[in-house]
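Below: the structure, in structure tokens.
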Amino acid sequence: MTVEEFRKAMAQAEYIPCGSELHRAFHAFSQQALRITAELNGAYREPDEVRRLMEELTGRELDESFALFPPFHTDCGKNTAIGKRVFINAGCQFQDQGGISIGDDVLIGPQTIIATLNHDPDPEKRGGMFAKPVRICDKVWLGARVTICPGVTIGEGAIVGAGAVVTRDVPPRTVVAGVPARIVKTL
């Protein structure tokens with residue numbers, strides 16, 4: 001399965017049965033991601049080399065303004081789209097099979113986790129997964145150790161406070177914090 005076929009299939013998938021062609025495809029992409037992230041995280045890299053490795057990981061061209069402080073981890077990589085002037089701090093983990101879209105002028109704090117999959121709650125089908133994309137709009141700031149759950153959209157200009165667990169959409173120009181994240185003020 002090509003990267004484009006994979007992205008298209010994941011955009012249409014509501015449920016991915018364990019052992020299906022789609023499930024096997026993201027396991028194959030996982031092996032590529034493990035190789036690339038080992039190279040990215042294994043030694044110091046100049047910013048241009050970091051960007052080149054992230055382009056290989058995502059299968060997409062990145063703007064010269066992109067910056068990332070390794071280490072960085074993902075279990076796929078091929079379903080992440082990153083805008084301009086994005087900064088990803090150290091220790092972030094993206095589970096992107098369901099799709100992660102990051103807009104322009106986004107700041108992502110250290111050790112942020114973005115998840116796009118949930119396992120089937122039925123113990124007999126636990127290997128099956130439900131995929132829901134995460135969308136981070138322009139000018140968002142995610143604090144340190146934020147967790148974003150599958151299917152969440154973070155609206156333009158929003159701020160997510162450090163340590164928050166975001167389980168539902170965040171309106172534009174609001175500040176959310178806590179577990180689960182709740183609106184604490186508007187901007």
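Values below: all heavy atoms of this structure, side chains included; hydrogens, waters and symmetry mates excluded. Since we're looking at a predicted model, the values are computed, not measured.
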Could you give the side-chain donor-acceptor pairs of residues 78-92 under 3.5 Å, partners two or more places apart or in another chain?
from, atom 1, to, atom 2, distance (Å)
K78, NZ, E56, O, 2.7
K78, NZ, L57, O, 3.0
N79, ND2, Q97, O, 2.8
T80, OG1, D96, OD2, 2.9
R85, NE, D105, OD1, 2.6
R85, NH2, D105, OD2, 3.3

Residues E21 and R24 bridged, charged N to O under 4.0 Å: no
Gap between atom CZ of F26 and atom CG of L117 - 0.5 Å precision: 5.5 Å
Nearest heavy-atom neighbours spanning D138 and G103: OD1-CA, 3.3 Å
Sequence neighbours excluded and cut-off under 3.5 Å, please list the side-chain donor-acceptor pairs for residues 144-162, or say none.
from, atom 1, to, atom 2, distance (Å)
R145, NE, Q111, OE1, 2.3
R145, NH2, Q111, OE1, 2.8

From CD (Q95) to OG1 (T116), nearest 0.5 Å: 5.0 Å
Nonpolar side-chain network containing I113, other nodes, edges under 4.5 Å: none
Closest contact, heavy atoms only, M10 versus I16: CE-CD1, 3.9 Å
Nearest-0.5 Å distance, OG1 of residue T74 to CE of residue M54: 8.0 Å
Electrostatic pair E39:R52 at N-O distance under 4.0 angstrom: yes
Side-chain heavy atoms of V50 within contact of D48, under 4.5 Å: no
Heavy atoms of other groups near R135 CZ, more than 12 under 6.0 Å: no
Whether over 12 other heavy atoms sit under 6.0 Å from F69 CZ: no
Minimum-distance pair of heavy atoms, taken over all atoms of N41 and P70: OD1-CB, 3.6 Å
